[in-house]
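Below you'll find the structure, written out as structure tokens, and then a few comments.
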Amino acid sequence: MNELGAKYNPSEVEDKWYKWWLDNKFFHSEPDSREPYTIVIPPPNVTGILHMGHVLNNTLNDVLIRKARMDGKNACWVPGTDHASIATENKVVQKLKSEGINKEDLTREEFLAHAWKWKEEHGGIILKQLRKLGASCDWDRTRFTMEPALSEAVINTFVHFYRKGWIYKGIRMVNWDPVALTAVSDDEVVHKDTKSHFYHLRYYISDGKGNPTDKFLVIATTRPETIMADAAICVNPADERHHWLRGKKVLIPLINREIPVIEDDYVEMDFGTGCLKVTPAHDVHDYEIGLRHKLPVLEIIDDHGRLNEKAEILIGEDRFVARKKIVKLLEEAGNLVKVEDYTSPVGYSERTDAVIEPKLSSQWFLKMEALAKTALETVESGRTRFIPERYINTYRHWMENARDWCISRQLWWGQRIPAWYLPDGSVVVEPNAEKALEAARKLNPDLTAADIHQDEDVLDTWFSSWLWPISVFDPELPGNPAHEPNADLKYYYPTSDLVTGPDIIFFWVARMIMAGEEFMGREPFSNVYFTGIVRDKLGRKMSKTLGNSPDPLDLIATYGADSVRIGMLLCSSAGNDILFDVSQIEQGRNFCNKIWNSYRLLKGLKVADVPQESVAASAVKWFSSKLSQTIRTVEDHYSKFRISDALMAIYKLFWDDFCSWYLEAVKPAYVDGVQQPLDSGTYRCSLEFFDSLLRMIHPVMPFITEELWQDLKERGESETIMYAKTPAAGKVDEAFLASFSAAQEAIAGVRAVRNSKNIPPREKLSLEIKGEFDASLVPLVEKLAGVGEVKMVDELGDGGINFMVGTVEMSVPLSGLVDVAEEIEKTEKEIQRYEGFLAGVRKKLSNEAFISRAPEAVVASERKKEADALSKLESLRSQLNSLKNKK
RNA sequence: GGGCGCAUAGCUCAGUUGGUUCAGAGCACCUGCCUUACAAGCAGGGGGUCGGCGGUUCAAAUCCGUCUGCGCCCACCA
């Protein structure tokens with residue numbers, strides 16, 4: 001250890017210990033006879049870089065895993081990354097574009113080669129960054145959702161569900177992202193209120209031969225560019241205004257195509273004009289109406305969001321350009337009645353921010369009904385607990401309304417769907433090409449490999465990450481019923497706790513539960529701890545574009561990882577948003593220094609075989625109880641996942657109780673500039689206490705605690721605080737804690753007198769105490785309050801400044817310095833306060849209903865309050881009298 | 001529109017089954033201190049009608065209703 005400077009320097013310490021932990025494989029876990037404690041990391045995107053949300057999540061994970069390790073469990077934290085198909089493919093496409101390469105000019109294989117290369121070069125940076133934070137992941141177990149074994153698991157589960165009849169291919173209206181050129185799930189669409197216009201258009205009634213009459217109806221639409229795809233005009237059957245339209249046909253403006261007027265309850269009579277244009281190919285609801293009324297489906301928008309030749313006009317124009325142009329055309333043709341400003345929610349792609357285009361396409365779906373039902377039961381039965389509990393409501397709502405999961409994505413980066421098409425259009429689903437050919441030949445023996453072709457789509461990323469708690473241990477198991485779970489899976493599954501954000505409760509948490517139940521027959525984790533979202537001081541979500549997100553690595557470099565961890569935890573209660581501010585990290589840094597300096601004090605003490613002073617004896621007795629008491633509190637907090645409360649309890653124990661009280665009480669005085677020695681017994685106890693404190697705070701502050709713990713005494717070569725035991729609570733002497741706390745109040749009272757009268761610390765005061773007081777603590781009062789003499793008296797003397805500790809009266813004699821008028825005023829105020837209090841208590845006690853109905857204990861306590869108040873008032877009044885006499 | 005949640009000190013939040021003096025903590029703030037561990041510190045101090053109204057109860061920050069303000073999720077009336 002370096003010379004102990006007055007400031008803790010984390011940069012000298014952190015890398016050293018992290019490397020040592022790694023070298024000694026302290027993070028590594030293998031199954032053994034101990035109870036397992038398992039966490040799987042929420043795998044960050046392989047291309048991701050560390051942001052404050054990761055810091056929060058992984059700090060919590062690391063605190064839990066380190067605590068479990070010190071509790072004697074076999075702790076295993078499995079790290080890894082997610083291939084994140086859409087996000088990663090986007091990044092690769094962008095990168096290629098910047099090099100002048102278009103994805104469309106590449107073959108699938110070429111593109112994937114680029115993507116893998118990029119992944120090898122830049123992937124997994126985030127895992128390196130996590131080490132800076134102190135994360136004690138078992139790096140030997142690092143996984144990647146697209147590594148061969150895990151990809152195989154994904155394919156096997158697809159085959160599994162297909163054979164079960166739960167996977168089907170269907171034509172559905174999907175959310176089409178015209179930029180990423182893929183369908184995205186409902187959950188990946190964000191609706192934003194968007195300013196647009198409401199166009200009122202005139203559709204003329206046809207004379208039956210395709211010619212307009214002079215009669216017309218008016219529809220209101222936000223998407224005039226889709227009128228060419230209209231299949232009908234729909235009105236509500238109950239709407240008498242439109243009954244004259246029954247059986248009529250109308251003409252689509254500009255192209256004059258004839259479409260029928262139909263009736264459907266779906267149409268709101270009082271919205272718009274009560275007439276709805278039905279465009280089955282380009283609107284979800286219209287599609288459903290179309291199905292009910294067997295309307296033809298005409299697609300006029302292509303994958304890129306441009307009008308195609310079926311539109312007849314404006315062919316090749318982008319949908320938004322087409323909108324502007326068609327409005328002009330409609331106006332010229334006399335079909336535009338009016339334009340209103342209108343704000344409506346529009347769906348945007350979460351990934352590309354493109355406006356989602358509802359589009360009919362052929363997609364693969366997984367039936368949710370049975371899976372959702374089981375997964376709901378898992379949580380409702382309490383086999384998986386949510387913290388905070390209220391998220392169960394959100395979860396239930398989703399599970400009861402779960403729609404079939406669209407699992408195909410029109411991307412290349414991901415697990416390719418294991419479906420092969422035969423020339424006759426039939427499909428075989430098999431784990432690989434060989435088996436597919438085999439299966440195909442059963443249908444048609446003449447087929448060769450060249451005759452069948454694999455589906456071009458890949459699977460949704462969540463279709464792989466839902467296997468994570470299983471596949472990181474035994475990727476062969478999912479979808480492979482004949483496979484016996486391996487030793488790792490048997491030992492580590494189900495995992496213990498999952499820490500994640502509530503934003504992915506459906507994407508990921510729910511689906512992991514489904515997969516867990518499906519493939520393992522039980523829940524994947526016992527507890528799910530939902531963190532809040534990290535926001536800035538002003539409550540804004542941290543984001544790159546706002547520039548309000550500090551770089552965690554900069555923070556770690558400036559303040560140290562321990563400080564960053566503390567800063568993060570201080571403001572994080574489960575489920576609440578985290579308002580992050582650097583000042584919290586400064587608080588962490590200050591705490592590091594406090595710990596550091598308390599150790600400097602301990603180390604600098606002279607020790608000798610001298611008798612133990614009574615102050616030291618009572619301090620040791622007190623802190624021993626205080627420590628045990630706090631250990632209990634902390635354990636209770638941990639058991640309820642109240643991590644920041646646990647931290648705060650240890651923080652106060654370390655700073656207030658240990659540093660401000662215990663060390664000050666024990667610290668030997670200087671006599672003529674020479675530090676007196678401390679007796680070796682007290683010294684030993686102090687080191688023990690310090691050791692306990694380090695172990696208590698280690699899960700939160702791994703680096704500084706290892707540094708000091710190693711220096712505290714001679715350690716074995718591979719002895720680490722990581723595996724030291726969580727301190728156990730011993731006996732708590734409640735009575736003594738109470739006595740000590742009275743002494744503390746007495747000391748604070750004297751100090752307050754000193755402060756208000758500007759009496760320098762060196763000047764000794766004396767103190768009179770009237771009432772019960774633990775005599776063994778008199779020396780403590782003398783030492784810490786700078787009191788020369790404590791007198792136990794029957795009556796307080798005149799001419800002092802008085803205060804009370806509970807019902808005990810105390811006085812600091814200060815003839816000459818006392819401002820009598822001020823003391824009178826102070827005392828009168830006190831009397832007033834107690835009179836008010838007494839009146840309240842007496843009102844209660846005189847209430848017959850209270851006496852008869854409230855529990856006896858409550859009544860008794862009120863009586864005690866009354867008695868205490870009376871006794872206080874009595875002494876206050878006598879003080880007041882003597883003060884007045886003096887005047 | 002449907003659902004969930006929040007409102008307590010300047011800020012961030014505890015407050016468990018209604019009942020000990022229950023109105024708390026941390027930070028910030030104010031005053032005084034360069035006291036041989038630490039000024040990134042020490043000692044002391046001020047500060048809130050528990051969002052409004054109504055109800056239940058002997059008793060409400062706590063339970064119920066309602067209003068106001070805010071947040072999140074789900075669904076989007078073209």
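Letters go in sequence order (proteins before strands), and every chain restarts at 1.
The 5' end of RNA chain B is approached more closely, in terms of each residue's nearest nucleotide, by A:R642 than by the other of A:G274 and A:R642. Nucleotides of RNA chain B nearest to A:N593 and A:V284 differ in position, and the one nearer the 5' end is that of A:N593.
Listed candidates were B:G44, B:A75, B:C42. Nearest to the side chain of A:K594 is B:C42. Between B:A39, B:U36, B:G45, one nucleotide has an atom nearer to the side chain of A:A752 than all others, and that is B:G45. Side-chain atoms of A:Y266 lie closest to B:C77 of the nucleotides B:G19, B:A75, B:C77. Closest approach to the A:K7 side chain among B:A37, B:G5, B:A40 is made by B:A40 (side chain taken as heavy atoms from C-beta onward). Closest contact between the side chain of A:F271 and the listed nucleotides B:G41, B:A78, B:U31 involves B:A78. Which of B:A78, B:G44, B:G19 sits closest to the side chain of A:E268 comes down to B:A78. Nearest nucleotide to the A:H397 side chain, out of B:C74, B:A37, B:G19: B:C74.
Taking the C1' atoms as reference points, B:G54 lies 15 Å from B:U68, given to the whole Å. Taking the C1' atoms as reference points, B:C42 lies 11 Å from B:C34, given to the whole Å. Of the C1' atoms belonging to B:G15 and B:A7, the separation is 15 Å, rounded to the nearest Å. With C1' as the reference atom, B:A43 and B:U62 are 36 Å apart, rounded to whole Å. Distance check on atom C1': B:C11 versus B:U56 gives 35 Å, rounded to whole Å. Spacing of C1' atoms, B:A75 relative to B:C4, comes out at 15 Å, to the nearest Å. Separation of the C1' atoms belonging to B:G32 and B:G46 is 15 Å when rounded to the nearest angstrom. For the P atoms, the distance linking B:C70 with B:A59 amounts to 35 Å, nearest Å.
Counting only distance, with no hydrogens or angles, the side chain of A:K606 and the backbone of A:Q676 share no donor-acceptor pair below 3.5 Å. Without hydrogens or angle criteria, A:K652 side chain to A:L647 main chain gives no donor-acceptor distance under 3.5 Å.
A distance below 6.0 Å separates the ring centres of A:F690 and A:Y599.
Separation of atoms OG1 (A:T633) and CD (A:E635) is listed at 10.0 Å; rounding is to 0.5 Å. Remark: A:S875 OG to A:L870 CG distance equals 10.5 Å, nearest 0.5 Å.
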Please lay out, stage by stage, how A:R589 and A:D562 fare under the test salt bridge (Lys or Arg N to Asp or Glu O under 4.0 Å).
CA-CA 8 Å; A:R589 176 199 57 189; A:D562 289 336; over 6 Å; no
Step by step, work out the side chain to side chain donor-acceptor pair (under 3.5 Å) result for A:Y662 and A:S686.
CA-CA 9 Å; A:Y662 176 81; A:S686 304; 2.7 Å; yes
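In a base pair of the Watson-Crick type (N1 to N3 plus N6-O4 or O6-N4) or a G-U wobble (N1-O2 and O6-N3), with each distance short of 3.5 Å, B:G41 is matched with B:C33. Look at B:U17: it lacks any Watson-Crick or wobble partner with both distances under 3.5 angstrom. B:G10 is paired with B:C27 under the criterion used here, namely a Watson-Crick or G-U wobble arrangement in which both key atom distances are under 3.5 Å. Nucleotide B:C22 has no partner under the Watson-Crick or G-U criteria, as no pair reaches both atom distances under 3.5 Å. Across the strands present, B:C72 finds its partner in B:G3; the criterion is a Watson-Crick or G-U wobble pair with both atom distances under 3.5 angstrom. Across all strands shown, B:G46 forms no Watson-Crick or G-U wobble pair with both distances under 3.5 Å. Pairing for B:A60 is absent, with no Watson-Crick or G-U wobble pair whose two atom distances lie under 3.5 Å.
In summary, A:K195 and A:D341 do not engage in a salt bridge, as defined by a charged side-chain N under 4.0 Å from a carboxylate O. Using a 4.0 Å cut-off between a side-chain N of Lys or Arg and a carboxylate O of Asp or Glu, A:K864 and A:D868 qualify as a salt bridge.
Qualifying side chain to side chain donor-acceptor pair (under 3.5 Å) partners for A:D239, counting only residues two or more places apart in sequence or in other chains: A:R241.
Here the C1' atom of nucleotide B:G3 and the CG atom of A:N401 are 11 Å apart, to the nearest Å. As rounded to whole Å, 11 Å separates atom C1' of B:A60 from atom NZ of A:K844. Separating the CD1 atom of A:I595 from the P atom of B:C38 is a distance of 17 Å, rounded to the nearest angstrom. Counting to the nearest Å, the C1' atom of B:C22 and the CD atom of A:E862 are 12 Å from each other. Between the CD1 atom of A:I759 and the C1' atom of B:C33 there is a distance of 14 Å, rounded to whole Å.
At a cut-off of 3.5 angstrom, counting only N and O atoms as typed in the model, there is a donor on one side and an acceptor on the other between the side-chain of A:R589 and the base of B:A40. At a cut-off of 3.5 angstrom, the base of B:A37 holds no donor-acceptor pair with the side chain of A:N597.
Within the structure, a side-chain polar atom (N or O) of A:Y342 is placed less than 4.0 Å from OP1 or OP2 of B:A78. Note on A:Y8: every side-chain N or O is 4.0 Å or more away from OP1 and OP2 of B:G41. Between A:K757 and the phosphate of B:G32, there is no side-chain N or O to OP1/OP2 separation shorter than 4.0 Å. At least one side-chain nitrogen or oxygen of A:S660 sits closer than 4.0 Å to the OP1 or OP2 atom of B:A43. Contact annotation: A:K667 side-chain N/O to B:A37 OP1/OP2 distance is under 4.0 Å.
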Within the sub-3.5 Å range, which N or O atoms of nucleotides 23-29 of chain B have a protein N or O partner, and how far apart are they?
from  : atom 1 : to     : atom 2 : distance (Å)
B:A25 : O2'    : A:K652 : NZ     : 3.2
B:G26 : O2'    : A:Q587 : NE2    : 2.8

